[in-house]
Amino acid sequence: MMLYAMNAHSQSATSYSYGIDPKRDSAAIVQFQKHMDSIRAERPTVALVLSGGGAKGAAHISVIQYLERAGIPIDLVMGTSIGGLVGGLYACGYSGDELEAIIRNQDWNYLLYDSHPRRFDALTQKDYDRQFQLSIPYGSYKWDFHKPEISSRSILSDGIVQGRNIEDLLSSLTIGYGDECNFINLPIPFVCVATDMVTAKPKVWFSGSLVTAMRSSMSIPGMFTPVKKDNMVLMDGSMRSNFPAEIAKQLGADIIIGVDVSAPALNANQMRSMLDIVYQTTDVLGREAYESALSVTDIYIQPELSDFSLLSFDKESINIMIQRGQEAVKQHITSINKLKERLDGIVIRNSHSKDMPKAVNLSKQTINYNKIQFTGINAKEERYLRKRLKMDPFGERPLHILELEDAIATMIGTKAFEKVTYEILGDTAPYTLQFNCYRSPVNQLGASVRFDAVDFASILLHTGINAHQLTGSRVDFTARLGLNTVLRASHTLRTGQGVDFGTELSFQAARNGAFRIEPYDFRIDFNRGHGDIYLSLMPWRMMILQLGICADYFYRTTMLVDYGLQNSLFDQMPKSNIFAGPYAQLRSDSFDDPYFPTLGVQFKASYNWMPRGLQHDSKPLHAIQFGYRSAHGGDRTTAIPFLDARYVSATVAPYVNMLSINDANRILDQQITFVGINAPVITSRTLVTTGFNLRQQFNKRHYVTATAQIVMQSEKMKNIFNVDNSQLNFGFALEYAYNSIIGPLRTNIHWSDLNKTIGFYLGIGLDF
């Protein structure tokens with residue numbers, strides 16, 4: 001008979017959450033023993049024990065498939081690490097064939113390395129990531145009576161991978177068992193093992209959150225962050241019991257079928273990497289328990305997997321490991337047949353799997369939900385997220401896995417959280433969708449350095465106070481040091497409605513400002529003070545509409561001009577002037593990579609109005625600018641067509657149209673890139689340029705790009721496409737780039753009919 005008459009989901013969730021408690025653990029053991037006794041009244045009990053071993057756990061599936069075909073009942077599943085993951089899903093009702101499909105169809109690079117699609121990042125964060133090679137987070141929230149306070153926090157991570165993606169995968173595969181429950185009430189009773197780093201004891205999971213149990217059991221030290229729960233710091237169970245057959249025997253298993261995919265102990269010559277050291281450490285700590293487990297195992301299956309590592313998750317390796325598992329289980333056909341004969345004539349009941357429904361796989365079907373709840377945030381932040389996600393149900397509504405993945409990526413993209421996971425609570429539809437939010441460090445420090453043939457060397461430094469808050473005040477200080485020095489300070493107040501109110505002050509000292517007005521050269525060194533008051537509206541995930549009023553103060557320090565430019569506008573312009581006026585700007589960026597995109601679109605449109613110079617009279621200025629780029633890529637080849645245009649109603653010196661070689665050498669905000677030149681070139685009042693980049697990737701980090709570009713310019717907008725009243729120029733470039741750890745290393749050879757000479761460019765580092 002069933003041990004528990006009460007359904008696990010009807011009990012209080014908190015009753016299952018506890019740490020290592022000998023009294024409760026003993027009671028759980030007795031409960032499992034009584035359950036096994038109830039089955040033993042009809043036949044011997046059978047336990048399946050699955051070891052840890054990382055990717056080599058693919059071989060576990062072959063054994064499960066064979067046992068299913070042989071009709072061997074499984075009354076208890078025990079697992080550690082990957083064995084806990086495979087065993088937990090098997091215990092939820094998945095067949096061996098379904099488990100094989102699951103493991104084959106995963107993007108393991110995404111799952112194991114916390115990959116996050118860039119397109120979901122907030123646009124301001126994309127701007128930051130595009131410029132900074134080094135970013136150090138610090139400071140975290142402490143909540144006391146709902147008042148946030150900043151406290152110190154180590155900048156060092158406690159693991160390379162947080163495991164948020166694999167945790168979400170487990171949540172999507174265990175729907176119906178998302179609440180905390182007794183694991184004896186799964187379709188097949190299940191137990192897994194983790195290691196508590198506080199007490200140095202094994203944490204044997206008999207009940208609680210199934211996803212938490214599986215995730216904690218596979219927390220490889222140094223690779224995955226530990227699971228912290230109930231005063232425990234839980235790491236991979238292999239450090240205490242990598243092959244927990246002795247626990248299965250204690251719980252009442254008469255016959256133990258064990259699958260061991262762990263590698264043998266390494267000798268001195270075999271320990272050559274950090275991964276080898278991690279493995280050997282866990283092996284040493286759990287060796288005594290491992291040797292004890294072998295003595296109680298009746299059918300011991302050990303596939304030959306020595307040529308694979310913990311991280312051999314590529315498709316070819318998975319194919320081979322599944323095949324090796326099939327070969328290994330065939331070596332035990334005699335023992336398995338004897339077990340089957342022993343059970344012949346007995347009414348076989350596979351534990352109580354007939355009584356409990358199979359878990360729902362969200363990737364295979366939609367589910368209905370009627371409630372969303374959050375943990376880890378306050379009420380104001382919850383309102384902000386609900387508005388941004390646009391998922392609040394009015395009554396019952398369906399939920400698709402892609403919608404859920406987008407919601408998680410959107411919350412991670414705010415950078416307010418270092419991890420967001422979800423749980424789908426309830427045993428039947430409609431379910432409750434719960435988002436668990438784990439805060440990021442609230443402040444950040446950033447630094448970058450770049451070298452190139454134009455500006456020589458530049459350094460960028462930044463500090464952001466409250467930079468990773470969802471709402472409230474944020475203060476940023478940025479310094480760009482080099483020939484073009486910029487100091488900037490800004491304050492932003494974000495409301496719960498997702499609206500930013502901002503102010504910004506900056507100072508710029510531009511030196512070595514070499515320009516051309518064809519065919520003449522001149523140089524202007526100047527200082528610029530800039531002030532900005534703005535409102536940013538962010539109704540869309542990847543787009544910002546900014547409205548504001550800005551003021552500029554320009555002061556010319558030196559100017560050297562060719563003789564042909566004497567008595568020109570630039571020679572006669574005032575030494576200083578002040579301009580002020582309103583502006584509007586709309587920006588979007590969905591590129592999957594800021595420097596080597598293969599998919600996505602970048603878009604920018606802006607309008608500025610400067611009525612007159614405030615210190616010295618000047619013509620009223622209207623400026624309209626537009627930019628568009630889209631990436632269309634395959635595995636290796638990417639085409640990026642682009643279009644840029646700008647129109648100014650009057651020639652006002654600081655706001656004239658300009659072309660420059662790239663964004664890294666931007667001196668004034670309005671510069672538009674054009675291949676084929678080194679020094680910035682001042683153009684007519686109407687400027688349109690279009691072209692395309694054709695990029696080919698070699699290996700993983702090498703790129704060759706060919707660029708062709710056309711520039712059209714005219715004083716009047718209506719004449720821009722009139723060949724008699726406009727100027728047409730061409731530019732070409734061939735570039736090699738290496739995507740280094742500190743940013744792209746780029747060198748190109750270029751030519752344009754603007755200056756009719758071949759030029760060279762060399763630069764390394766991010767653009768800023």
Side-chain angles (χ1 to χ4, degrees), residues 36 39-40 42-53 55-80 82-83 85-87 89-91 93-104 187-190 242-246 248-249 252-264 290-291 293-308 312 317-351 353:
M36 299 295 268
I39 296 174
R40 190 178 293 108
E42 299 177 358
R43 58 169 174 80
T45 57
V46 182
L48 177 63
V49 177
L50 306 176
S51 81
K56 292 178 284 188
H60 287 321
I61 295 170
S62 303
V63 178
I64 291 172
Q65 291 171 322
Y66 189 87
L67 295 176
E68 287 179 333
R69 290 193 295 269
I72 303 297
I74 303 298
D75 306 304
L76 172 66
V77 180
M78 290 286 312
T80 295
I82 189 68
L85 189 153
V86 174
L89 294 180
Y90 182 50
Y94 289 96
S95 68
D97 291 342
E98 288 172 321
L99 292 174
E100 180 178 349
I102 288 170
I103 200 169
R104 286 184 184 276
I188 303 176
F190 170 69
N242 193 42
F243 185 62
E246 77 286 358
K249 179 63 73 174
D254 297 318
I255 300 163
I256 295 177
I257 302 172
V259 188
D260 183 6
V261 297
S262 61
Y290 173 77
E291 292 172 354
L294 293 181
S295 65
V296 299
T297 303
D298 298 282
I299 301 176
Y300 177 71
I301 302 170
Q302 187 178 38
E304 171 49 50
L305 302 171
S306 59
D307 47 340
F308 298 99
S312 298
S317 295
I318 288 175
N319 287 338
I320 297 172
M321 289 186 291
I322 289 176
Q323 182 180 347
R324 298 270 183 91
Q326 294 168 350
E327 295 168 356
V329 73
K330 288 178 182 178
Q331 296 175 12
H332 297 271
I333 289 178
T334 301
S335 299
I336 294 173
N337 286 339
K338 287 182 179 179
L339 173 60
K340 187 175 181 180
E341 291 172 3
R342 185 177 173 185
L343 298 174
D344 274 351
I346 300 175
V347 178
I348 293 178
R349 179 164 58 91
N350 189 6
S351 186
S353 59

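If you read the sequence from its start, that first residue is 1, and numbering goes on from there.
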Q: Report the residues that fulfil side chain to side chain contact (heavy atoms under 4.5 Å, CB included) with L67, sequence neighbours left out, ordered by chain and then residue number.
A: L48, V63, I72, I74, I257, I336
Q. For Y300, what residues pass the ring pair (Phe, Tyr, Trp, His ring centres under 6.0 Å) criterion, not counting sequence neighbours?
A. F243
Q.
Please give me the minimum heavy-atom distance between G87 and F190, naming the atom from each residue.
A. C-CE1, 3.6 Å
Q) So do S62 and E327 actually touch side chain to side chain, heavy atoms under 4.5 Å? A) no
(Q) A58: which residues meet the side chain to side chain contact (heavy atoms under 4.5 Å, CB included) condition with it, sequence neighbours left out? (A) I103, I318, M321, I322
Q: Enter the distance from K338:NZ to I299:CD1 here, rounded to the nearest 0.5 Å.
A: 10.0 Å
Q) Which value, rounded to the nearest 0.5 Å, describes the distance between T45 atom OG1 and I255 atom CD1? A) 7.0 Å
Q: Looking only at non-hydrogen atoms, find the nearest pair between I301 and A328 and report the distance.
A: CG2-CB, 3.9 Å
Q: Could you name each residue pair satisfying salt bridge (Lys or Arg N to Asp or Glu O under 4.0 Å) that touches residues 63-73, not counting sequence neighbours?
A: none
(Q) Within the 4.5 Å heavy-atom criterion, are V86 and I64 side-chain neighbours or not? (A) yes
Q: Supply the atom-to-atom distance H60 NE2 to L89 CG, rounded to the nearest 0.5 angstrom.
A: 12.0 Å
Q: Mind checking side chain to side chain contact (heavy atoms under 4.5 Å, CB included) for D307 and listing every partner two or more places apart, or none if nothing turns up?
A: R324
Q. How long is the gap from CE on M78 to NZ on K249, to the nearest 0.5 Å?
A. 13.0 Å
Q: Could you list the residues that satisfy side chain to side chain contact (heavy atoms under 4.5 Å, CB included) with D97, not counting sequence neighbours?
A: Q65, S95
Q. What is the distance from atom CD1 of I320 to atom NZ of K56, rounded to the nearest 0.5 Å?
A. 14.0 Å
Q: Might you work through the salt bridge (charged side-chain N to carboxylate O under 4.0 Å, His left out) test for R43 and D75, ending with a clear yes or no?
A: CA-CA 11 Å; R43 58 169 174 80; D75 306 304; 2.5 Å; yes
Q: Would you check if the side chain of N242 reaches a backbone N or O of G52 as a donor-acceptor pair within less than 3.5 Å?
A: yes
Q | Donor-acceptor under 3.5 Å (T297 side chain, I256 main chain) | A | no
(Q) Ignoring hydrogens, what is the shortest heavy-atom contact between A59 and P303? Give both atom names and the distance. (A) CB-CG, 3.9 Å
